[in-house]
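One structure below.
Each chain gets a letter, A, B and so on, in the order its sequence line appears, and its residues count up from 1.
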Protein chains: 2
Amino acid sequence: MPHHDGAPVRLAVSTVIFALRPDHTGLPVLWTPLVRRTVEPHLGLWALPGGWLPPNEELEAAAARTLRATTGLAPNYLEQLYTFGEVDRSPDARVVSVVYWALVQSDEAAQATAGPNVRWVPADTMPGLAFDHNRIVEYALWRLRTKVEYAELAHALLGATFTLAELREVYEVVLQRRLDPANFRRTMIASGRLRETGEHVSGAPHRPPKLYRYETAASTAQTREPFMKERPAS
Amino acid sequence: MPHHDGAPVRLAVSTVIFALRPDHTGLPVLWTPLVRRTVEPHLGLWALPGGWLPPNEELEAAAARTLRATTGLAPNYLEQLYTFGEVDRSPDARVVSVVYWALVQSDEAAQATAGPNVRWVPADTMPGLAFDHNRIVEYALWRLRTKVEYAELAHALLGATFTLAELREVYEVVLQRRLDPANFRRTMIASGRLRETGEHVSGAPHRPPKLYRYETAASTAQTREPFMKERPAS
DNA sequence: CCAAAAGTGTTGCAGGTACACCCATGG
DNA sequence: CCATGGGTGTACCTGCAACACTTTTGG
């Protein structure tokens, strides 16, 4: 049991970042960027992007800054996740970490910065991370999957326009189950939050789907998201 | 705009405590205890119970301790609410507050400690509080009302045994609407989480209701957040 | 023409709501 | 025996799962 009676509590900010990218089979899965630690403790291990909280910076601004420093991207979605403060979560000092979670657009994420000290990994095959960061990622995934407002999540992970199949794919990845395309379509249209752009996607070998965008009006904020059941395997 | 470049960030823990107590008309409403500030800043104003985080104390333990110091009660339910860290939320220093929310049993709360520096107020008629504490209480109320697991809330606010009418009363206060007694009964029984004690309440001027207790849930644990620990021992 | 994805129609079931009605007790 | 809350029965209504079906394109 470490004793930190003399030293003050130090405050850090970290961020779990999610983006939708295809895995080796071409199917989209959730990826998250990690950074390699260049100082002790846990030198050389992979960890969540983050840093000490500067006295004059807002918590969320600090999270957005570390996110940009890592991925070069601006978050479409940024929300406080939880504050982790176990006495022994860091070996040397007492460190309390305010953790945020962020979503970035998939098309931008495709050309995200990477380097020897930055690495994107699928969220479900996370390596051993520094500190309690594995637990933090677990919790972020749990929050992502139990989040009620899926519409907002999908919006943040996709670009401005998308097909209903792409939107459904987001739901399927996050919820980890197949959804019936027919019922999904009706549910989404009925929510009133989608608008047709009038355009279609061509070039694909089948019937060209319509493109949609999200309604910008924030007037439909109280609608509850439906609970969808599994589609039987074909 | 305050500048805190030299001074370190300080970390505090506060708690919003809810209990069910009758108001002046006898109807149960949510009450919350406040403490009067005895030091600057905001000397003399009412505020949430809390204090600085000691380097060797867990966050949740610190919340439980301040709760006990204020009300003399042990929390039935204690959960992290949010971390508030705006640069200018405290006039002098940069203070980041990890805020918890707690529920205490109504029958214990009825004989809770009070004094010149402790005051219980109905949660919907909160006076002007120190710092950003009014906003914090607002947020705690929102979380209480949008919480999915009402069963756990009701369990925490009531004692070990209760009638279905008492349980319904909790739901009505939290949800802020009347519920059909007949349907409420069926829904609760169907949930499988209630057990009859075999006892009845007598003395009331009508048909004596049955007493129930909550199932000691071992099978209903999967909805719980992954890493959440059991509530602290008093 | 064929394969496959886009998109439509329809039915049945589950869960919730409304409300009529019987039961038990103190005054 | 009456008023009132405890407790049961039941019909209706809404929303979604299931799945059959039609439409539209590229090859």
When the distance from [atom1] of [X] to [atom2] of [N] is rounded to whole Å, what number comes out?
| X | N | atom1 | atom2 | answer |
| --- | --- | --- | --- | --- |
| M188(B) | dG6(D) | CE | P | 15 Å |
| I189(A) | dT8(C) | CD1 | P | 8 Å |
| K210(B) | dA24(C) | NZ | C1' | 12 Å |
| L164(A) | dT8(C) | CG | C1' | 14 Å |
| N183(B) | dG6(D) | CG | C1' | 15 Å |
| L179(A) | dA17(D) | CG | P | 8 Å |
| R178(A) | dA17(D) | CZ | P | 15 Å |
| F184(A) | dG15(D) | CZ | C1' | 17 Å |

Would you mind telling me which of V16(A), L81(A), L59(A), T66(A) makes a side-chain contact (heavy atoms from CB on, under 4.5 Å) with Y100(A)?
L59(A)

Can you tell me which residue among L67(B), T70(B), T71(B), V13(B) is in a side-chain contact (heavy atoms from CB on, under 4.5 Å) with P49(B)?
T70(B)

Confirm from the modelled atom types if H206(B) and dT25(C) form a donor-acceptor pair under 3.5 Å, side chain to base only.
no

Does R207(A) contact dA5(C) through a side-chain donor or acceptor facing the base, at a distance under 3.5 Å?
no

For the side chain of [X], counting heavy atoms from C-beta on, which of [options] is nearest?
| X | options | value |
| --- | --- | --- |
| D180(B) | dG26(C), dC19(D), dA18(C) | dA18(C) |
| A182(B) | dA3(D), dA20(C), dA18(D) | dA20(C) |
| R185(A) | dG7(D), dA6(C), dA18(D) | dA6(C) |

Show, in sequence, the C-alpha distance, side-chain angles and deciding distance for S97(B) and R89(B), and conclude whether the side-chain hydrogen bond (donor to acceptor under 3.5 Å, both in side chains) test is met.
CA-CA 10 Å; S97(B) 285; R89(B) 61 185 287 277; 3.2 Å; yes

Between E58(A) and R65(A), does any NZ, NE, NH1 or NH2 come within less than 4.0 Å of an OD or OE carboxylate oxygen?
no

E79(B) bridged to K147(B) by N-O distance under 4.0 Å:
yes

DNA chain D nearest-nucleotide lookup for R186(B) and T163(B): closer to the 5′ end is T163(B)

